Amino acid sequence: MKLRQIWLGFAAALLSTGLLAPQAAVAVEYDISSASSLQVVVNKHRALNPATYVPASLSRVSTERLRSEAASAYNAFVKAGKSAGVTVRAVSGYRSYSEQQSLYSDYVARYGQSTADTLAARPGYSEHQTGLAMDVGNASGVCAMQACFADTPVGRFAAAEGWKYGFIIRYPYNAQGTTGYTYEPWHLRYVGVALATDMRDKGITTLEGYFGLEDAPDYLR
């Protein structure tokens, strides 16, 4: 005890003279490139590697699937919504490369490629393929996959409470020039509680902005 007191006194003296600096907070480093990372950033400039990546562990969530970590967080999010009188419906979770290819091809056939590229990701570039994204809806189906979803019970709950469970609105309002996609208040992306909280606290709404990445409004090829 006496030696500890002597050391503490010595350290205090060094601090007072500036010879010993207080320990700085350690910055969190995230892996944003590995397809298996919970914080991987996927956009029109950043394809999954490999393009046909399949998550190692997928768990059933209602009629959909998510990576186990995201599934646990999503179930907690849904439970909290129920307690608040809000019924969250799972609409679309994990999609494989081939499923995304089929969806994207259908959009191209219906709207043309330029419009399709603002509505759905090309295969190998989709957040849904990571198993970390879930499109949600209201039990009534009101404003499904529309911007007006933001003003529905589930839309408001997701925007206000999602961060507590590690989810962000991945394609926020007025950010198409950065994310490459129109406003999707129904598209939740799991990034973990620490990152979601830090983004909220700093007022940063996109992963590109948080990690200092270039805007990705269009594909490079």
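Residue numbers start at 1 and run along the sequence shown. These figures come from a predicted structure and were not determined experimentally. Atom set for the values below is all heavy atoms of this structure, side chains included, hydrogens, waters and symmetry mates excluded.
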**Q** Ignoring hydrogens and angles, tell me if any N or O in the side chain of Ser83 forms a donor-acceptor pair with the backbone of Lys79 under 3.5 Å.
**A**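 Yes; at least one donor-acceptor contact below 3.5 Å.
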**Q** Roughly how far apart are Asp215 CG and Thr179 OG1, rounded to 0.5 Å?
**A**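 OG1 of Thr179 is found 9.0 Å from CG of Asp215.
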**Q** Using modelled atom types only, decide if a donor and an acceptor are shared between the side chain of Gln100 and the backbone of His128 within a distance under 3.5 Å.
**A**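 Absent.
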**Q** Using only atom types and a distance under 3.5 Å, with no angle test, would you say the side chain of Asn138 pairs donor to acceptor with the backbone of Val154?
**A**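 It does hold such a pair.
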**Q** Which atom pair, heavy atoms only, marks the closest approach of Arg221 to Tyr125?
**A**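 Looking at all heavy atoms of both residues, the shortest contact is NH2-OH, 4.1 Å.
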**Q** Hey, is CZ on Phe211 packed in by over 12 heavy atoms from elsewhere, all under 6.0 Å?
**A**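 Result for CZ/Phe211: enclosed.
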**Q** If only atom types and distance count, is the side chain of Ser96 paired as donor or acceptor with the main-chain N or O of Glu99 below 3.5 Å?
**A**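 Yes: the side chain of Ser96 pairs with the backbone of Glu99.
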**Q** Is it possible for you to say whether Val136 and Met145 belong to one hydrophobic cluster, with membership spreading through side-chain heavy-atom contacts below 4.5 Å?
**A**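 Yes, because Val136 and Met145 connect within a single hydrophobic cluster, where side-chain heavy atoms sit under 4.5 Å apart.
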**Q** Gln113 and Tyr104: side chain to side chain contact (heavy atoms under 4.5 Å, CB included), yes or no, with the steps?
**A** CA-CA 9 Å; Gln113 186 168 348; Tyr104 178 74; 3.4 Å; yes
**Q** With side chains defined as the heavy atoms from C-beta onward, is the minimum distance between Tyr30 and Leu195 less than 4.5 Å?
**A**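 Of all side-chain heavy-atom pairs linking Leu195 with Tyr30, at least one is under 4.5 Å.
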**Q** Could you grab the distance from atom CZ of Arg122 to atom CD of Gln101, nearest 0.5 Å is fine?
**A**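 Arg122 atom CZ to Gln101 atom CD measures 12.0 Å (nearest 0.5 Å).
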**Q** Cluster question for you: counting only ILVMFWY and a side-chain heavy-atom cut-off of under 4.5 Å, with indirect links fine, are Tyr171 and Val42 together?
**A**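 No; tracing contacts between hydrophobic side chains, which count when under 4.5 Å, never links both residues.
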**Q** Looking at Val191, is its backbone amide N or carbonyl O close enough to the side chain of Gln39 to form a donor-acceptor pair, meaning the two atoms are under 3.5 Å apart?
**A**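 Checking the backbone N and O of Val191 against the side chain of Gln39, a donor-acceptor pair under 3.5 Å is found.
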**Q** Which heavy atom in Tyr183 sits nearest to a heavy atom in Pro172, and how many Å separate them?
**A**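 That closest heavy-atom pairing would be CD1-C, 3.4 Å.
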**Q** For residues 50-64, tabulate all N or O donor-acceptor pairs below 3.5 Å that involve a side-chain atom, not counting sequence neighbours.
**A**
{"unit_1": "Arg60", "atom_1": "NH1", "unit_2": "Thr63", "atom_2": "O", "d": "3.1"}
{"unit_1": "Glu64", "atom_1": "OE1", "unit_2": "Gly93", "atom_2": "N", "d": "3.0"}

**Q** Would you say the ring centers of Phe77 and Phe157 fall short of 6.0 Å from each other?
**A**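 Between Phe157 and Phe77, which both carry aromatic rings, the centre distance is below 6.0 Å.
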**Q** Quick check on ring-ring contact (aromatic ring centres under 6.0 Å, His included): which of Tyr94, Phe167, Tyr165 does Tyr190 satisfy it with?
**A**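 For Tyr190, the ring-ring contact (aromatic ring centres under 6.0 Å, His included) test succeeds with only one of Tyr94, Phe167, Tyr165, which is Phe167.
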**Q** For the atom pair OG1 (Thr205) and CD1 (Ile169), what is the distance rounded to the nearest 0.5 Å?
**A**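 The CD1 atom of Ile169 is 11.0 Å from OG1 of Thr205, to the nearest 0.5 Å.
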**Q** Report whether Leu188 and Val91 are members of the same hydrophobic cluster (ILVMFWY, side-chain heavy atoms less than 4.5 Å apart, transitive linking).
**A**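 Linked, Leu188 and Val91 end up in one cluster.
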**Q** With hydrophobic residues grouped by side-chain heavy-atom distances under 4.5 Å, do Trp163 and Ile168 end up in a single group?
**A**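 No: no chain of side-chain contacts under 4.5 Å links Trp163 to Ile168.
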**Q** Check this for me, if you would: do Arg95 and Glu127 make a salt bridge, where the nitrogen-to-carboxylate-oxygen distance has to be below 4.0 angstrom?
**A**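 Salt bridge: no.
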**Q** Just how far is it from atom OG of Ser114 to atom CG of Leu119, taken to the nearest 0.5 Å?
**A**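 The OG atom of Ser114 sits 9.5 Å away from the CG atom of Leu119.
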**Q** Search all heavy atoms of Ala35 against all heavy atoms of Leu48 and return the closest pair with its distance.
**A**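 Nearest pair, atom of Ala35 first, then Leu48: CB-CD2, 3.9 Å.
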**Q** Give a yes-or-no answer on whether the side chains of Asp117 and Tyr107 include a donor-acceptor pair shorter than 3.5 Å.
**A**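 Asp117 vs Tyr107: no donor-acceptor pair found between side chains.
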**Q** In the structure I gave you, are the side-chain heavy atoms of Tyr181 and Arg170 within less than 4.5 Å of one another anywhere?
**A**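 They are not in contact (no side-chain heavy atoms under 4.5 Å apart), so the answer is no.
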**Q** Please check: side-chain N/O of Thr152 versus main-chain N/O of Phe149, any donor-acceptor pairing under 3.5 Å?
**A**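 Judged by distance alone, yes, a pair lies under 3.5 Å.
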**Q** Within the side chain of Gln129, is there an N or O that forms a donor-acceptor pair under 3.5 Å with the backbone of Gly124?
**A**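 Side chain of Gln129 to backbone of Gly124: a pair is present.
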**Q** Between Leu213 and Leu207, is a side chain to side chain contact (heavy atoms under 4.5 Å, CB included) present by the stated rule, with each step listed?
**A** CA-CA 8 Å; Leu213 301 173; Leu207 292 177; 5.9 Å; no
**Q** Could you measure the distance from the CG atom of Asp198 to the CD1 atom of Ile204? Nearest 0.5 Å is fine.
**A**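 Going from the CG atom of Asp198 to the CD1 atom of Ile204 covers 7.5 Å.
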**Q** Can you measure from OG1 (Thr118) to CD (Glu184) and round to the nearest 0.5 angstrom?
**A**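 CD of Glu184 is found 9.0 Å from OG1 of Thr118.
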**Q** Would a distance-only check, ignoring hydrogens and angles, find a side-chain to backbone donor-acceptor pair under 3.5 Å from Arg46 to Val41?
**A**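 Here the side-chain-to-backbone pair exists.
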**Q** Using modelled atom types and a 3.5 Å cut-off, is there a donor and acceptor pairing between side-chain atoms of Ser72 and backbone atoms of Ser68?
**A**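 The answer is yes, because a donor-acceptor pair under 3.5 Å joins these two groups.
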**Q** Keeping Arg67 on the side-chain end and Ser36 on the backbone end, is there a donor-acceptor pair under 3.5 Å?
**A**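 It does hold such a pair.
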